[in-house]
Amino acid sequence: MSELDNRIARLHEVVTRQGMNLAPVVVLGMHRSGTTMLAKLLETAGVYMGDRLSGNYEPRLFQDANRQIFDYFDASWLSPDRLPGAMELHRGFGGLTSEIARRLIEDFVPSFCNASERYSASWGFKDPRTSVTAGLFLRLFPDAKAVFIHRNGEDVAASVLKRELRIRSKFPAGSGVLFEPPAAVLSRAVRAWEIYNDRALAMLSYFREHATLRYEDVVASPERLLPRAFEKVGVDISGPTIQSAGISAERIGGGAEFAEHFVSVREHLARSPVREALDKG
């Protein structure tokens with residue numbers, strides 16, 4: 001038995017000792033695509049989504065694990081190009097996978113769990129970067145299930161730019177902090193959108209169960225679509241629960257001064273094979 005196999009077995013012991021199963025529900029999707037909305041709905045439906053959550057409903061443990069993977073390949077959330085393909089990450093890089101397993105073994109209880117909580121057997125986690133690193137996590141949890149959500153690429157790029165401008169507003173003029181031109185931010189956002197969605201699509205069939213949702217459809221008809229999608233991954237959610245969530249589309253707004261930059265975004269997306277694959281799905 002290899003060191004990796006030993007660590008995977010120990011990780012499974014740690015998880016089951018908390019009364020949790022070995023089939024986490026993993027939320028996949030590019031940043032700014034509705035993944036936080038899904039994570040909150042899953043928890044409302046009885047899926048434990050972890051303790052020590054960030055403002056975007058991401059458990060610190062899996063954030064740190066994904067950062068470690070991205071750092072290993074000198075990548076970042078908006079520049080994931082350097083990461084290997086989905087199946088390459090799944091089949092290779094045993095040393096890296098073993099280190100991630102070790103991190104989860106050591107930190108699962110103190111970081112992901114809360115001693116005051118009462119856990120359900122069903123649990124999951126959300127970090128959009130898992131769309132790119134899913135191959136590695138499937139090696140650790142081969143019975144994992146996935147809910148994948150995708151959103152119009154132009155709107156995602158606009159939302160990323162909106163976030164960037166909000167960050168910039170916190171730095172006064174003359175602060176010396178350098179920022180990318182808006183056109184460069186949009187270009188990287190569209191490329192990241194392609195990579196996240198392409199990798200998620202490539203790995204979906206390797207999950208034990210999976211469901212796919214389109215953000216625009218969910219915000220238009222949540223009570224019709226969510227119960228059917230969640231049922232595919234063994235989660236029951238009621239109409240009243242969905243109603244109480246108050247689902248609404250993000251208002252992007254503003255940014256008219258950058259309108260000319262979106263011309264190239266639209267042109268790129270018009271010929272994107274990833275967009276075509278998502279539309280067919």
Side-chain angles (χ1 to χ4, degrees), residues 27-40 53-60 62-83 125-133 148-200 214-216 218-219 247-272 274-275 278:
V27 177
L28 303 179
M30 169 64 181
H31 301 265
R32 324 305 294 176
S33 294
T35 55
T36 301
M37 171 186 68
L38 282 188
K40 291 179 178 179
L53 300 175
S54 72
N56 290 321
Y57 235 69
E58 297 165 14
R60 303 291 184 187
F62 287 95
Q63 278 189 330
D64 290 343
N66 273 319
R67 285 195 188 100
Q68 183 175 343
I69 299 168
F70 270 60
D71 288 348
Y72 183 89
F73 295 103
D74 194 25
S76 68
W77 74 271
L78 200 54
S79 296
D81 312 62
R82 293 177 181 270
L83 272 86
F125 64 93
K126 170 254 175 178
D127 178 347
R129 286 167 294 194
T130 312
S131 306
V132 186
T133 61
F148 169 50
I149 187 166
H150 59 90
R151 183 183 184 187
N152 174 279
E154 183 179 340
D155 288 342
V156 168
S159 184
V160 169
L161 179 59
K162 176 183 175 182
R163 173 187 179 275
E164 175 76 4
L165 295 175
R166 186 170 63 247
I167 293 172
R168 293 182 188 195
S169 69
K170 298 177 181 178
F171 293 88
S175 64
V177 179
L178 299 177
F179 294 100
E180 282 187 301
V185 174
L186 289 171
S187 178
R188 286 209 295 149
V190 171
R191 179 58 183 148
W193 176 88
E194 288 185 306
I195 293 172
Y196 277 69
N197 287 303
D198 182 59
R199 301 289 173 82
R214 182 172 174 268
Y215 173 84
E216 291 80 5
V218 172
V219 297
I247 295 172
S248 60
E250 176 194 21
R251 289 188 176 89
I252 297 175
E257 65 270 34
F258 306 115
E260 71 274 14
H261 299 309
F262 282 94
V263 174
S264 60
V265 169
R266 295 187 191 102
E267 290 175 348
H268 183 94
L269 290 171
R271 58 179 183 271
S272 169
V274 177
R275 181 195 59 77
L278 291 171

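Positions are given from 1, in the same order as the sequence printed here. Excluded from the calculations below are hydrogen atoms, water molecules and symmetry mates; all remaining heavy atoms, backbone and side chain alike, are included.
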**Message:** I'd like to check the salt bridge (charged side-chain N to carboxylate O under 4.0 Å, His left out) partners of Arg199; sequence neighbours left out, ordered by chain and number.
**Reply:**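 Here no residue qualifies.
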**Message:** Which residues pass the salt bridge (charged side-chain N to carboxylate O under 4.0 Å, His left out) test with Arg163, not counting sequence neighbours?
**Reply:**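 Arg163: no salt bridge (charged side-chain N to carboxylate O under 4.0 Å, His left out) contacts found.
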Taking all heavy atoms of [X] and all of [Y], pick out the closest pair and write down the distance.
X: Ser131; Y: Gly29; value: OG-N, 2.8 Å
X: Arg151; Y: Arg32; value: NH1-O, 2.6 Å
X: Asp64; Y: Arg67; value: OD1-NH1, 3.0 Å
X: Arg214; Y: Ile149; value: C-CG1, 4.4 Å
X: Val265; Y: Leu186; value: CG2-CB, 4.0 Å
X: Ala157; Y: Ala189; value: CA-CB, 4.0 Å

**Message:** Determine whether Val132 and Phe73 satisfy the following criterion, side-chain contact (heavy atoms from CB on, under 4.5 Å), listing intermediate values before the conclusion.
**Reply:** CA-CA 12 Å; Val132 186; Phe73 295 103; over 6 Å; no
Starting at [atom1] of [X], measure out to [atom2] of [Y] and round the result to the nearest 0.5 Å.
X: Leu38; Y: Tyr215; atom1: CG; atom2: OH; answer: 10.5 Å
X: Arg275; Y: Asp198; atom1: CZ; atom2: CG; answer: 14.0 Å
X: Asp74; Y: Asp81; atom1: CG; atom2: CG; answer: 11.0 Å
X: Glu58; Y: Asp127; atom1: CD; atom2: CG; answer: 4.5 Å
X: Leu278; Y: Trp193; atom1: CG; atom2: CH2; answer: 5.0 Å
X: Tyr196; Y: Trp77; atom1: OH; atom2: CH2; answer: 7.0 Å

**Request:** Before giving the answer on side-chain contact (heavy atoms from CB on, under 4.5 Å), spell out for Leu83 and Ile69 the whole-Å C-alpha distance, their side-chain angles and the decisive distance to 0.1 Å.
**Result:** CA-CA 9 Å; Leu83 272 86; Ile69 299 168; 4.2 Å; yes
Residues in side-chain contact (heavy atoms from CB on, under 4.5 Å) contact with [X], at least two apart in sequence or another chain:
X: Glu164; answer: Arg168, Phe179, Val185
X: His268; answer: Val190, Glu194, Arg271
X: Leu53; answer: Tyr57, Pro59
X: Ala183; answer: His261

**Residues, nucleotides or ligands: over 12 heavy atoms within 6.0 Å of Arg266 CZ** =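 Counting other residues, nucleotides and ligands, CZ of Arg266 exceeds 12 neighbours.
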[X]: what forms a side-chain hydrogen bond (donor to acceptor under 3.5 Å, both in side chains) with it, not counting sequence neighbours?
X: Glu216; value: none
X: Thr130; value: Asn66
X: Ser79; value: Arg188
X: Thr36; value: Lys126

**Item:** Residues which pass ring-ring contact (aromatic ring centres under 6.0 Å, His included) with Phe125, listed by chain and number, not counting sequence neighbours
**Value:**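 With sequence neighbours excluded, Phe125 shows a ring-ring contact (aromatic ring centres under 6.0 Å, His included) to Phe62, Phe137, given in chain and number order.
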**Request:** Can you sort out the partners of Phe70 under ring-ring contact (aromatic ring centres under 6.0 Å, His included), two or more places apart, ordered by chain and number?
**Result:** none
**Request:** Any chance you could lay out the side-chain contact (heavy atoms from CB on, under 4.5 Å) test for Glu267 and Val263, step after step, and finish with the verdict?
**Result:** CA-CA 6 Å; Glu267 290 175 348; Val263 174; 3.7 Å; yes
**Prompt:** Distance-only, no hydrogens or angles: does the Ser33 side chain make a donor-acceptor pair with backbone N or O of His150 under 3.5 Å?
**Reply:** no
